[in-house]
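Before anything else, here's the structure in question.
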Protein chains: 2
Amino acid sequence: MPDTAHSPRPRYGTRPTMKDVATRAGVGLKTVSRVVNGEPGVTAETERRVREAISALGFRRNDSARVLRKGRTSSVGLVLEDLADPFYAPLNRAVEEVARDHGALLINGSSAEDPERERELALALCARRVDGLVVIPAGADHRYLEPEMAAGVATVFVDRPAGLISADTVLSDHAGGAREGVAHLVAHGHRRIGFIGDQPRIHTATERLRGYRAAMDAAALPVHDGWISLGPTAPDRVRGEVLRMLSGPAPVTALFTGNNRVTATAVRVLSELPRRVALVGFDDLELADLLSPAVTVIAQDPARLGHTAAELLFQRLDGYASETRRIELPTRLIARGSGELPPAEG
Amino acid sequence: MPDTAHSPRPRYGTRPTMKDVATRAGVGLKTVSRVVNGEPGVTAETERRVREAISALGFRRNDSARVLRKGRTSSVGLVLEDLADPFYAPLNRAVEEVARDHGALLINGSSAEDPERERELALALCARRVDGLVVIPAGADHRYLEPEMAAGVATVFVDRPAGLISADTVLSDHAGGAREGVAHLVAHGHRRIGFIGDQPRIHTATERLRGYRAAMDAAALPVHDGWISLGPTAPDRVRGEVLRMLSGPAPVTALFTGNNRVTATAVRVLSELPRRVALVGFDDLELADLLSPAVTVIAQDPARLGHTAAELLFQRLDGYASETRRIELPTRLIARGSGELPPAEG
DNA sequence: CTGAAAGCGCTTACAG
DNA sequence: CTGAAAGCGCTTACAG
């Protein structure tokens with residue numbers, strides 16, 4: 001039977017195996033394995049023959065087989081909300097770097113903020129037997145991961161907490177950051193401050209709202225229902241809410257926006273209005289310092305979130321077996337101008 | 001021997017296998033396989049027993065084993081420059097979506113613009129036996145991939161061409177886009193235009209420079225050496241080059257910046273200067289429309305680049321075996337203000 | 001409708 | 001220093 005000549009698309013089975021290399025080099029299978037893995041106990045001459053066979057045949061070890069036998073895949077999974085969201089890009093890279101330092105590859109995917117898709121993806125990664133999993137949860141119930149964690153899949157949640165299970169978690173101080181941002185507006189004389197955030201089923205949205213309320217409470221300021229709006233971050237909705245909060249008899253004089261997408265839309269809407277409205281946004285934006293006014297933000301450190309989560313993960317893989325840890329990273333107020341505007345008359 | 005009681009960190013080997021399920025359900029291995037894979041030919045009662053055993057044991061099929069036997073991993077690899085770069089984020093997501101539509105997972109990693117790291121990563125992915133590979137190349141010699149491609153790893157290059165091998169490629173029209181951008185500046189009266197781009201070993205940098213030269217040539221404008229600067233996109237270097245081109249007896253009146261990082265720094269530097277300097281940048285920026293002046297750009301469509309590349313990849317995996325294709329996607333000039341400024345006096 | 005045997009390509013545990 | 005045998009957990013190809 002000829003080699004691969006009339007196979008329309010050679011794949012996989014057509015590749016040379018260690019056995020082929022062994023045959024060609026006239027040695028045993030195990031000797032090839034030793035050379036490929038750099039194990040000792042092979043004479044220079046034997047090694048030379050094996051290497052010659054390897055390059056002549058174009059052999060590359062099949063890690064699928066290796067993984068099956070060894071029991072570790074040297075890969076970690078990352079489930080995030082959207083691979084295209086610039087906020088998660090540095091987190092993604094940070095997890096990759098830590099994985100790389102530990103010789104592991106990264107398999108990742110987007111939940112698209114859909115709990116069912118999160119679940120499918122996470123379980124698909126478990127079926128691939130990733131050694132560990134970093135999850136930015138979309139759902140609120142992660143009991144489906146319990147059997148996997150019990151079976152040894154190290155799991156760390158980032159950015160949002162796990163639902164209904166106990167697991168290592170790395171979060172920003174969402175409530176504290178929002179509180180600081182709103183207090184900053186209060187300190188600049190604002191008494192009517194609007195909050196526009198993401199959907200209430202998203203933990204970060206309600207935490208940041210909690211911070212907003214705490215700051216208003218601490219300043220003994222009332223909060224009207226119309227000043228709070230949680231919902232999709234689609235530009236149309238956010239635009240409508242900004243305009244609504246700025247109209248009527250007692251319009252807000254400042255806005256606190258609950259994440260980067262909301263902030264971007266709010267900045268856009270405000271730039272079209274004659275009135276100057278103060279703004280502090282949660283999450284930093286590229287070029288925020290170049291807008292006029294430059295945008296004051298509560299910044300998270302997404303790379304540090306990812307790095308910290310991945311470190312916790314590999315500590316587990318390296319045998320750390322104590323109780324679940326929860327790490328809260330501080331946020332940082334970056335005053336640039338928009339948050340320091342005084343209240344408009346009215 | 002007890003189950004897993006004194007195993008410090010249960011992993012992998014400790015998980016139940018199909019054999020365990022078969023034993024518990026009192027059926028053969030193949031019957032479990034049929035149920036797990038939804039194959040026909042199992043009575044309702046048998047299936048019920050198998051399912052009971054599966055959930056009692058917490059069984060999840062080990063795809064590592066499946067992959068080894070089936071020959072396809074249902075995974076694709078993506079090698080890009082930097083997972084943290086916002087330009088690549090939509091491309092990353094687009095590849096993921098296409099992969100998902102085809103039931104495949106995405107393994108990705110950053111080359112960090114290092115050819116050796118690109119090679120290591122790409123070959124590690126081949127060792128994992130990804131079905132296909134999407135590569136944004138850092139290096140200029142991809143002959144190392146030839147044995148892999150011959151062995152059936154479908155490979156598509158995006159954003160930059162493959163070096164020294166023939167392969168499917170998807171590119172933006174870098175030269176054409178740059179030419180259009182520079183012609184736009186010429187049309188607004190500029191005769192002394194500077195070009196600041198990425199390192200000359202990066203294909204996109206030299207292609208965009210070629211477009212710059214073509215536009216200047218077409219307008220019969222001379223190009224002075226001092227008006228061209230290729231090098232690292234580090235802010236300090238770019239800042240220095242901007243200031244240098246704006247000083248001296250015949251300063252440039254407009255800048256064409258070769259990518260998003262260069263543009264961001266140039267905008268920052270120009271905002272600090274009293275003089276108004278026209279600017280067109282290659283690649284769009286978030287919030288570019290909100291700056292003053294708003295930034296005129298030559299925009300690529302990174303999501304479409306990723307989508308197109310992934311589609312080519314899966315066409316190959318689905319049997320398309322004709323000659324190598326090269327797809328060039330158009331760029332789009334978005335005039336926002338900075339590119340329409342007239343030349344400053346002087 | 002059901003299952004025993006062989007095999008995917010490696011590594012492990014031994015034996016020489 | 002070297003290699004034959006067994007086994008990782010599935011699927012394939014058969015046979016009943």
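Side-chain atoms are counted along with the backbone in the values below, which use heavy atoms only and exclude waters and symmetry mates. Letters go in sequence order (proteins before strands), and every chain restarts at 1. Computed from a predicted structure; not experimentally measured.
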Side-chain heavy-atom pair A:Leu125, A:Ile107 within 4.5 angstrom cut-off: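 With C-beta onward as the side chain, the pair touches.
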Single hit among B:Arg100, B:Glu96, B:Glu97 for side-chain contact (heavy atoms from CB on, under 4.5 Å) with B:Leu106: B:Glu96
Under 4.0 angstrom between A:Thr31 side-chain N/O and D:dG3 OP1 or OP2: yes
Annotated protein contacts, base or backbone, on nucleotides 10-16 of chain C with a non-hydrogen cut-off under 4.0 Å, one of B, S, - each: SBB----
Set of ring pair (Phe, Tyr, Trp, His ring centres under 6.0 Å) partners for B:His102, sequence neighbours left out: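 Listed in chain order: B:Phe314.
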Whole-Å distance separating the CZ atom of B:Arg49 from the P atom of C:dC1: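 Taking CZ of B:Arg49 and P of C:dC1, I get 15 Å after rounding.
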Residues B:Arg316, B:Asp318; criterion salt bridge (Lys or Arg N to Asp or Glu O under 4.0 Å); working and verdict: CA-CA 5 Å; B:Arg316 291 278 176 200; B:Asp318 290 345; over 6 Å; no
Value in whole Å for how far the C1' atom of D:dG7 lies from CG of B:Leu68: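 Checked: the CG to C1' distance equals 12 Å.
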N/O (side chain, A:Thr46) to phosphate O (OP1/OP2, D:dT2) under 4.0 Å: yes
Length of the line joining A:Arg48:CZ and D:dT2:C1', which is rounded to integer Å: 17 Å
Geometric cation-pi criterion, B:Arg326 with B:Phe157: 6.0 Å, 45°: no
Bracket notation of DNA chain D in which parentheses pair within the strand, [ ] cross earlier pairs, and | pairs with another strand (Watson-Crick or G-U, under 3.5 Å): |||.||||||||.|||
Heavy-atom closest pair, residues A:Thr169 and A:Pro161: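 Minimum heavy-atom contact is CG2-CA, 4.0 Å.
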Within-4.5 Å side-chain heavy-atom neighbours: A:Arg119 and A:Leu145: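 Sidechains of A:Leu145 and A:Arg119: no contact.
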B:Arg24 to B:Phe59, cation-pi by 6.0 Å centre distance and 45° axis angle: no
